2 protein chains.
Amino acid sequence: MRTADLPQIRSLRLFESMSESNFEALMQAAYLQTFPAQLDLISEGDPADFLYVVVEGCVELYARSNGRESTMGMIRPIGTFILAAVLRDAVYLMSARTFQKSKILLIPSENVRDTFEKDEAFARAIVLELAGCYRGVVKEHKDMKLRTSVERLANRLLRYHRDQGGNGTVELPYDKRTISSMLGMTPENLSRAFNTLKPYGVEVDGSTIRFSDIEALERLAKPNPLIDERSM
Amino acid sequence: MRTADLPQIRSLRLFESMSESNFEALMQAAYLQTFPAQLDLISEGDPADFLYVVVEGCVELYARSNGRESTMGMIRPIGTFILAAVLRDAVYLMSARTFQKSKILLIPSENVRDTFEKDEAFARAIVLELAGCYRGVVKEHKDMKLRTSVERLANRLLRYHRDQGGNGTVELPYDKRTISSMLGMTPENLSRAFNTLKPYGVEVDGSTIRFSDIEALERLAKPNPLIDERSM
DNA sequence: GGCTCCTCTTGATAATTATCAAGCCTGATT
DNA sequence: AATCAGGCTTGATAATTATCAAGAGGAGCC
């Protein structure tokens, strides 16, 4: 790995408080690679050989069964994926592919587990990260079990709106096919869900969404911090 | 806490490898209590004051939003719940109530976090438990996003069947209303899903289910280890 | 027994979501 | 400019799931 990249990695929450020597040893074993878009990184069922850290770009996690496929999440800098499989030395439960061209750090699983044993600060950071991922899935699962697809879309739009500054306009961060899969619906249904939201002041123009009545949208969406807040 | 209960607790995977002194200190701070059935233990949104360990009985995790409610999981001995909230010092994302009369160990969050720092073996056990819970939710989420309700029921029945010895008969572990909520459907729909499975050799007699054509059921269910296997 | 409560089931209907088949639009290519 | 491909939308229809209402059956109780 190029030494020029080290400070950037070191500043990630996962690594910033561990000892210098342990960090160096871990990086000695790791690879930092750039992958083109739409490249398969891992496949569900494979043994967890590496922990992945997305340094730049975006990675899509997805799962398959029965010939169906569903997007399970999008990982952006700085995020890890399949940490749980690495820690348990188990197989991956999800597949992953680059969504955009991405710079990714690969750390061999064994080194992650060894360092976890040796470095208390790293162990603490790992646990916080893992617990955060866990809570993320719980929220997704609640979203799925407690809401209709229109409600899921409305709440997702409100979240993007807040993330992007809340000035009445949102730029969709992914293409609509991907968003529909994230939300657990078909692309056709996403189109119709946008139409359903029109009376609530949601105007669609390609990947730009404009809101003319946020309050009406919120009344419909009934956002719930215990589902929609990323940080909670 | 009564000293008579200590050996039982000590033998739990979470505690068995930690140091004796740290275990004693942790237990000094903990409470072991027996609660009657259907008692609310925690409510989503509350700060995580305790880590809960189900020693005997059964606890239901559930979530609410929009006036809807859904069962998120059932915790049986020996299982923990809301570990992630405790570790992150955050609020609970799920509510919990006893399903049966249950004996539950309550450990103050702060002591869990302190001991996590002090005791490396405990930290390791915590991480394995947390990673296991995480993978459990991911599987539930895949189940929900990739399968219809009839498929979810078929696979759940096959899982119970395997757990109970696979002799062609299953005793449902919960009442049907609870099972329907776990599977993300209404009680009415569960009834109909059982009817749909009749041509596949599934015969319902109260809470006893008999299978006369497991292979047909498996062809319908298409079980997937990466969703249905508890241990993976 | 008779009563009551409760869960579960069934029927009728409605709402939600998926599927299939065009068609539209846009951006890239030639 | 013409062509083409891909993503998105729309319409028609079907499948899935939920809702509302009613009834069957069982367990507990007086």
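The structure displayed is predicted, hence computed values, not measured ones. Hydrogens, waters and symmetry mates play no part in the numbers below; they use all other heavy atoms, side chains included.
- Between A/T186 and C/dT17 there is no side-chain polar atom (N or O) within less than 4.0 angstrom of OP1 or OP2.
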Going 5' to 3' through nucleotides 23-29 of chain C, assign each nucleotide B (protein heavy atom under 4.0 Å from a base atom), S (under 4.0 Å only from sugar-phosphate atoms) or - (no protein heavy atom that close).
-------
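- Of the charged side-chain nitrogens involved, at least one lies within less than 4.0 Å of a carboxylate oxygen, so that A/K142 and B/E44 count as a salt-bridged pair.
- Listed by first and then second residue, the ring-ring contact (aromatic ring centres under 6.0 Å, His included) pairs involving residues 52-98 of chain A are A/Y52-A/F81 (not counting sequence neighbours).
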Apply side chain to side chain contact (heavy atoms under 4.5 Å, CB included) to residues A/E129 and A/L12 and explain how you reach the verdict.
CA-CA 11 Å; A/E129 171 78 12; A/L12 308 186; over 6 Å; no
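- Straight-line distance from the CD atom of A/Q38 to the C1' atom of D/dG6: 13 Å, rounded to whole Å.
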Candidate pair B/I126 and B/V112, rule side chain to side chain contact (heavy atoms under 4.5 Å, CB included), full reasoning
CA-CA 10 Å; B/I126 285 271; B/V112 173; 4.3 Å; yes
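- A search for side chain to side chain contact (heavy atoms under 4.5 Å, CB included) contacts involving A/P108 returns A/A29, A/F50, A/N111, not counting sequence neighbours.
- Residues forming a side chain to side chain contact (heavy atoms under 4.5 Å, CB included) with A/P47 (at least two apart in sequence, or on another chain): A/D49.
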What verdict does the side chain to side chain contact (heavy atoms under 4.5 Å, CB included) test give for B/R159 and B/D163, after you've listed the backbone C-alpha separation in whole Å, the side-chain angles of each residue and the deciding distance to 0.1 Å?
CA-CA 6 Å; B/R159 182 199 297 180; B/D163 291 350; 3.8 Å; yes
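- Within a 6.0 Å sphere centred on CZ of B/R210, heavy atoms belonging to other residues, nucleotides or ligands number more than 12.
- Within the structure, every pair that satisfies the ring-ring contact (aromatic ring centres under 6.0 Å, His included) test and touches residues 190-215 of chain A, not counting sequence neighbours, is listed here: A/H161-A/F211.
- Here the C1' atom of nucleotide C/dT9 and the CG atom of B/D175 are 15 Å apart, to the nearest Å.
- Sorted by first then second residue, the ring-ring contact (aromatic ring centres under 6.0 Å, His included) pairs that include residues 129-150 of chain A, not counting sequence neighbours, are A/H141-B/H141.
- Each of B/S181, B/S180, B/S149 was scored for a side-chain contact (heavy atoms from CB on, under 4.5 Å) with B/L190, with one residue passing: B/S180.
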Short N/O separations, protein against nucleotides 23-26 of chain D, under 3.5 angstrom:
none

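- For the pair A/L197/A/V204, no side-chain contact is recorded, criterion being any heavy-atom separation below 4.5 Å from C-beta on.
- One atom, CD1 of B/I209, and another, C1' of C/dC8, lie 12 Å apart when rounded to the nearest Å.
- Side chains of B/T178 and B/D175: a donor-acceptor N/O pair is present below 3.5 angstrom, by distance only.
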Under 3.5 Å, sequence neighbours excluded: what are the donor-acceptor pairs made by side chains of residues 224-232 of chain A?
residue: A/N224; atom: OD1; partner: A/L226; partner atom: N; Å: 2.8
residue: A/N224; atom: ND2; partner: B/S65; partner atom: OG; Å: 3.1
residue: A/D228; atom: OD1; partner: A/R147; partner atom: NH1; Å: 2.9
residue: A/D228; atom: OD2; partner: A/R147; partner atom: NH2; Å: 2.8
residue: A/D228; atom: OD2; partner: A/N224; partner atom: N; Å: 2.8
residue: A/E229; atom: OE1; partner: A/R162; partner atom: NH1; Å: 3.4

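- Under the ring-ring contact (aromatic ring centres under 6.0 Å, His included) criterion, no residue pair touches residues 213-232 of chain B, with sequence neighbours excluded.
- One interatomic measurement links the two molecules: CD1 of A/I179 to P of D/dG7, which rounds to 14 Å at whole-angstrom precision.
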Table of protein N/O atoms under 3.5 Å from nucleotides 27-29 of chain D N/O atoms:
none

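- The CE-C1' distance, from B/M185 to C/dT9, rounds to 13 Å in whole Å.
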Where protein sits on nucleotides 9-16 of chain D, one letter per nucleotide: B base, S sugar-phosphate only, - none, heavy atoms under 4.0 Å:
SBBB----
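- Residues B/L105 and B/F15 are in side-chain contact: their nearest non-hydrogen atoms beyond the backbone lie under 4.5 Å apart.
- Rounded to whole Å, the distance from CD on A/E69 to C1' on C/dA18 is 17 Å.
- Rounded to 10 degrees, the angle separating the terminal axes of the helix from C/dG1-D/dC30 to C/dT30-D/dA1 is 20°, with each axis obtained from five end pairs.
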